[in-house]
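Beneath this line is the structure, given in structure tokens, with notes to follow.
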Amino acid sequence: MSLPPFDASFVPKYTESPNAAWQYGDKVGSTAAAQEWVEGEKHGWTSIDTAAVEPSKLYPLMISGIVPRPVAFVSSISETGIENLAPFSFFNMVSFDPPAIMVSCTNKPRVKDTCHNIKTTGGFTVNIISEPFMENANVTAVNTPESVSEWDVSGLTRAESIAVKAPRVKESAFSMECELLEAHDIKSPTTGVSINVLIIGLVKHIHVRNDVLNERGVVDPVKFRPIARLGDISYARLGDMFRLPRFSWDAEKEKMQEGVERNR
Ligand SMILES: Cc1cc2nc3c(=O)[nH]c(=O)nc-3n(C[C@H](O)[C@H](O)[C@H](O)COP(=O)(O)O)c2cc1C
């Protein structure tokens with residue numbers, strides 16, 4: 001398949017939200033795009049009883065439906081000092097107080113070195129992947145023999161960590177040094193066998209590159225250029241962005257009540 005080249009000049013920008021004229025209680029469908037979305041219902045639904053389907057069929061469906069996913073680029077180190085680097089998209093922040101993240105490692109068809117290392121040494125780093133080193137990061141999902149370092153295959157650079165032994169990825173503009181808080185087995189409800197390990201890490205140190213910070217001291221997505229995982233081997237970059245306010249019932253209750261009345 002021939003594809004256009006990656007557009008390195010693309011700059012995500014802020015636009016209005018998808019339906020900027022939306023009022024409390026308005027139904028979906030007042031814009032042409034939303035109308036087309038609603039009309040898609042005429043094709044009906046496929047409902048899947050997960051207990052009746054092979055897990056191998058659920059995998060492609062779930063990873064394509066639960067999108068976009070951030071990717072944790074995890075660096076860990078074994079008790080004997082063997083370094084490991086691998087991407088994990090079953091990943092998210094779970095708390096900021098205490099600062100904590102989760103990563104989930106599948107035990108099938110083999111227990112991941114990352115999982116083994118984290119459980120035995122208790123420390124790891126999570127590095128966020130930006131567009132300029134996506135290929136370097138992707139290659140680390142390869143299962144190299146012990147004699148070959150994923151670091152060397154990737155061409156990425158180790159940077160020393162402060163609180164954990166595992167290095168962080170120097171090319172990453174946002175890295176977290178983590179300490180194992182909990183490792184929880186996710187077992188098959190039928191066999192009781194552990195299929196995944198949910199790792200919760202306490203974030204001990206955050207390293208953020210100054211050039212991706214804005215004047216408020218938070219990460220500017222336009223400068224950061226994070227990638228996201230979609231289904232199969234598809235990934236995404238940031239497209240255009242929009243902002244939406246958070247509403248307060250107390251401040252808006254009359255108008256919200258009007259919307260509710262229209263739907264009664
Ligand atoms: C973008 C991406 C995301 C991935 N996400 C996960 C994941 O969330 N959980 C998992 O077990 N494996 C995931 N994998 C596969 C692991 O990265 C791969 O099995 C890797 O070899 C594990 O390395 P290790 O055994 O060295 O720890 C992912 C692979 C890629 C390319």
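For ligands, and for the atoms within them, numbers begin at 1 and follow the listed sequence. The shown structure was predicted, so the numbers you read here are calculated from the model rather than taken from an experiment.
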To the nearest 0.1 Å, how far is atom 22 (C) of ligand 1 from its closest protein heavy atom, and which atom is that?
K112 CD, 3.4 Å

Between K119 and C115, does the side chain to side chain contact (heavy atoms under 4.5 Å, CB included) criterion hold? Intermediate values first, please.
CA-CA 6 Å; K119 278 168 118 180; C115 179; 3.9 Å; yes

Is the closest heavy-atom distance from Y235 to ligand 1 below 4.0 Å?
yes

Shortest protein contact, atom 23 (O) of ligand 1 (heavy atom only)
A86 CB, 3.4 Å

Residue K165 excluded, over 12 heavy atoms near NZ under 6.0 Å
no

Proximal atoms of ligand 1 relative to D113 (non-hydrogen, under 4.0 Å)
24 (P), 25 (O), 26 (O), 27 (O)

Atom 25 (O) of ligand 1: the protein heavy-atom neighbour that sits closest, reported with distance to 0.1 Å:
R110 NH1, 2.7 Å

Taking non-hydrogen atoms only, is R229 closer than 4.0 angstrom to ligand 1 via side chain, backbone, both or neither?
side chain

Is the count of non-hydrogen atoms from other residues, nucleotides or ligands lying under 6.0 Å from M62 atom CE greater than 12?
no

The answer for which part of N84 has a heavy atom under 4.0 Å from ligand 1 is side chain

Give me the residue, atom name and distance of the protein heavy atom closest to atom 8 (O) of ligand 1.
F90 N, 2.8 Å

Has I233 got more than 12 heavy atoms of other residues, nucleotides or ligands less than 6.0 Å from its CD1?
no

Under-4.0 Å salt bridge between K255 and E258:
no

So that I can tick it off, tell me whether D211 and R209 are bridged by a salt bridge, with the cut-off set at under 4.0 angstrom between side-chain N and carboxylate O.
yes

Give the atoms of ligand 1, by number and element, whose distance to some non-hydrogen atom of C105 is under 4.0 Å.
11 (O)

By number and element, which atoms of ligand 1 are closer than 4.0 Å to a non-hydrogen atom of E150?
26 (O)

Nearest non-hydrogen protein atom to atom 7 (C) of ligand 1, with distance, is F88 CD2, 3.4 Å

Nearest-0.5 Å distance, CD1 of residue I199 to CD1 of residue I118
4.0 Å

Does a sphere of radius 6.0 Å around CZ in F96 hold more than 12 heavy atoms from other residues, nucleotides or ligands, not counting ones at 6.0 Å or beyond?
no

Full working for side chain to side chain contact (heavy atoms under 4.5 Å, CB included) between L156 and K170
CA-CA 7 Å; L156 292 163; K170 189 160 161 278; over 6 Å; no

Less than 3.5 Å apart, any donor N or O on the side chain of S76 or D113 sitting next to an acceptor on the other?
no

How close does the nearest protein non-hydrogen atom get to atom 30 (C) of ligand 1, and which residue and atom is it?
P87 CG, 3.6 Å

Part of S104 with heavy atoms under 4.0 Å of ligand 1, whether side chain, backbone, both or neither
backbone

Nearest non-hydrogen protein atom, atom 21 (O) of ligand 1:
A141 O, 2.8 Å

May I ask you to list the atoms of ligand 1 that are less than 4.0 angstrom from any heavy atom of N138?
31 (C)

Is it true that, when you exclude E146 itself, more than 12 heavy atoms of the residues, nucleotides or ligands shown sit nearer than 6.0 Å to its CD?
no

Has H116 got any heavy atom lying under 4.0 angstrom from an atom of ligand 1?
no

Would you say V164 ends up clustered with F91 if hydrophobic residues are merged whenever their side chains have heavy atoms under 4.5 Å apart, either directly or through other cluster members?
no

Which of the atoms in ligand 1, numbered in the order shown and given with their element, are less than 4.0 Å from a heavy-atom of T106?
10 (C), 11 (O)

Return the closest protein heavy atom for atom 5 (N) of ligand 1 as residue, atom name and distance.
S89 N, 2.8 Å

At less than 4.0 angstrom from any non-hydrogen atom of T114, what atoms of ligand 1 do you find?
24 (P), 27 (O)

